[in-house]
J.: 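Next up is a structure, given as structure tokens.
The model shown is predicted, which means the values in this text are computed figures rather than measured ones.
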Amino acid sequence: MRIVADGLSPSCWSVRTRVTVAATLIVALLLVAGVTLFYQAVRHTVLQELRARGVLAAAGVVTIVRNEDPHGGLAVQDADFSLLQVVDDRGRVLASSEALRGRGALDVPRPPDSGRPEVHTAHVPGVAADVYVVSERTSSPYGFRTVHAGAPITELTRNRRFFIAALAAAVLLATAAVAWIVAVSVRRALSPVRVMSAELADITDITGGEGERRVTVPDPVDEVSDLARSVNVTLHRLEDVLLRQRAFVADVSHELRSPLTGLRAQLEVALEHPEDEDWPAVARSALSDADRLQGIVTDLLILARLGAGVPAGRERVDLGELVRGEVTRRARRVPVETDLRDGVVVWVTRDHLIRVLTNLLDNAERHARSRVRVTVATERDDAVLVVADDGAGIPPEDRERVFRRFHRLAEGRRRDRGGTGLGLTISRDIAHAHGGSLVAEGGGIGGTGGATNAANGGARLILRLPLAS
């Protein structure tokens, strides 16, 4: 029973069903309201016409009463108002038309003495329809008299059932037509969505992800076509994420395999001839490989946190002061020149920014020949940190590759075989997480970032972060 109830619940209906039912109910309500208003308008028009004619019929009798005080029969002037009576204050019928001959006074309230006609609806025995009665009180030579002029309301009662049935049938037919039109229109409007759903199901069922699959964008430029374009953009991004994930897994496997293989080989060789091994040297070598593995794992965890958007506490940090502290924290292979502007405040996670500075300084020191230069300045609404060296520089075609995971140029591998190849990747991800950017340019110390490094040599890594408000 619960399954049936859930199936009948509007929340389980399709979009087509919900829209059709809602539109049909609204149209049905509007039609019922319209038919009711139409009937009331017709009734009002008929009653207004009856009132005008009834006042004239009563006025003719009132004129006779004032002059003659008639007894007996009354002549009918308006064929519709054939029910005429003259009644005294004691309720006796003094005169009447042929249609009311021998009947008692009409059962309607006596009008006031103001002489203004009053309108009532009464039921007269022997008359099939209700009677519209106009009553007026007037004086005669022998006292006050009440004049009644009545007409059967045949316009509203004749074929009344047929009229109401016809209106009800019209409402039902119109409602059914609207329901059919809305259902067909919604079905046609949702046809591209059904095609899109089938294509997405087909794309999802395909394993391996080979080839570029996209959904069809319908021709009319509307919300459905915008949805299709958004779906295609999402598919493109998912495909890009999948490709990068596969490349990342392959790179991680490669980078972890090398130190693990070396460590395992060293230990296996040492265990084959334990008496001939220099165990302190074996331990130092194993510790070196373990340090490299720990560095790779630590960097991977940082990348995972940045990619997952794990929130970290931020604070206002003076960039120049922070750089000055990191430069003087330890001795370096080459001298580091600084040109640091004070008061350049950024809203950052201090530990993350320190990691960026450490990576950039270590990278510049690794490649520098004789010196490294660090500058801090502002440019419009950004804080700009530049770390430059006078080394061999980065070829233009490699200036984006150095930010890829585990990508290391030949020069970097030669100078530092223990690096993980993740330092610049982490630095750029941290910059992006703070709403900034990190790029590599040529020119080195004193350069302008041109296309070649021949003039000055070296490389320039430029970090931009939004200034704190």
Side-chain angles (χ1 to χ4, degrees), residues 32-171:
V32 171
V35 168
T36 302
L37 291 176
F38 173 73
Y39 177 78
Q40 293 298 329
V42 171
R43 179 182 176 85
H44 177 74
T45 302
V46 171
L47 293 179
Q48 285 293 99
E49 182 180 359
L50 286 175
R51 177 183 176 85
R53 294 171 61 185
V55 169
L56 290 176
V61 178
V62 166
T63 302
I64 297 174
V65 170
R66 286 176 179 173
N67 297 327
E68 303 176 5
D69 191 21
H71 288 72
L74 293 173
V76 175
Q77 302 297 325
D78 189 331
D80 289 331
F81 280 86
S82 60
L83 307 176
L84 303 177
Q85 272 187 352
V86 178
V87 182
D88 63 11
D89 285 348
R90 298 173 63 181
R92 294 178 302 175
V93 178
L94 302 179
S96 65
S97 62
E98 184 65 27
L100 292 179
R101 184 179 300 277
R103 298 178 183 272
L106 296 179
D107 187 15
V108 294
R110 187 175 68 179
D113 298 336
S114 61
R116 300 174 62 179
E118 295 286 332
V119 175
H120 303 282
T121 302
H123 177 71
V124 178
V127 180
D130 289 337
V131 176
Y132 187 85
V133 180
V134 176
S135 302
E136 185 174 346
R137 183 173 171 77
T138 186
S139 61
S140 73
Y142 301 98
F144 285 98
R145 303 288 186 260
T146 301
V147 175
H148 299 304
I153 313 177
T154 55
E155 290 84 350
L156 297 178
T157 56
R158 184 185 298 123
N159 299 324
R160 183 175 181 178
R161 293 182 178 178
F162 174 78
F163 180 70
I164 295 177
L167 290 179
V171 170

J.: Grab the two heavy atoms, one from A149 and one from A57, that are nearest each other, plus how far apart they are.
T.: CB-CB, 4.1 Å
J.: Would you check if L94 and R145 make a side-chain contact, meaning some heavy-atom pair closer than 4.5 Å?
T.: yes
J.: Compare every heavy atom of V147 with every heavy atom of A58, then report the nearest pair and how far apart it is.
T.: O-CG1, 4.0 Å
J.: Do Y132 and R51 come within less than 4.5 Å of each other through their side chains, counting heavy atoms only?
T.: yes
J.: Can you tell me if S96 uses its side chain to pair, donor with acceptor, with the backbone of L84 under 3.5 Å?
T.: no
J.: Would the distance check show the side chain of R103 and the main-chain N or O of P125 forming a donor-acceptor pair, the cut-off being under 3.5 Å?
T.: yes
J.: Would you say V131 and L83 make side-chain contact, with heavy atoms under 4.5 Å?
T.: yes
J.: From S139 OG over to D69 CG, what is the distance, rounded to the nearest 0.5 angstrom?
T.: 10.0 Å
J.: Do V133 and T121 make a side-chain contact, defined as non-hydrogen atoms from C-beta onward lying under 4.5 Å apart?
T.: no
J.: Between G91 and A105, what is the shortest heavy-atom contact and its length?
T.: O-CB, 3.9 Å
J.: Any idea which heavy atoms bring S97 and V76 closest together, and the distance?
T.: CB-CG2, 3.9 Å
J.: Flag the pair R53 and D78 as a salt bridge only when some basic side-chain nitrogen lies within less than 4.0 angstrom of an acidic carboxylate oxygen.
T.: yes
J.: Within the structure provided, determine whether L106 and Q85 are in side-chain contact (heavy-atom separation under 4.5 Å).
T.: yes
J.: With the side chain counted from C-beta on, respond yes when H120 and P109 share a heavy-atom pair under 4.5 Å apart, and no when they do not.
T.: yes
J.: How many angstroms lie between CG in L50 and CZ in F81, if you round to the nearest 0.5 Å?
T.: 5.0 Å
J.: Quick one: are V108 and H148 in side-chain contact, heavy atoms under 4.5 Å?
T.: yes
J.: Any ion pair linking D89 and R110 (charged N to carboxylate O, less than 4.0 Å)?
T.: yes
J.: Show, in sequence, the C-alpha distance, side-chain angles and deciding distance for T138 and R66, and conclude whether the side chain to side chain donor-acceptor pair (under 3.5 Å) test is met.
T.: CA-CA 7 Å; T138 186; R66 286 176 179 173; 2.8 Å; yes
J.: Identify the heavy atoms of D80 and A151 that sit nearest to each other, and give their distance.
T.: O-CB, 3.1 Å
J.: Counting C-beta onward and ignoring hydrogens, is there a side-chain heavy-atom pair between V93 and V86 closer than 4.5 Å?
T.: no
J.: Counting only heavy atoms not in H44 (residues, nucleotides, ligands), do more than 12 fall under 6.0 Å from its NE2?
T.: no
J.: Which heavy-atom pair separates P141 from N67 by the least distance, and what is that distance?
T.: CG-O, 4.3 Å
J.: Quick one: pull up CD in E118 and CZ in R116 and give me the separation to the nearest 0.5 Å.
T.: 8.0 Å
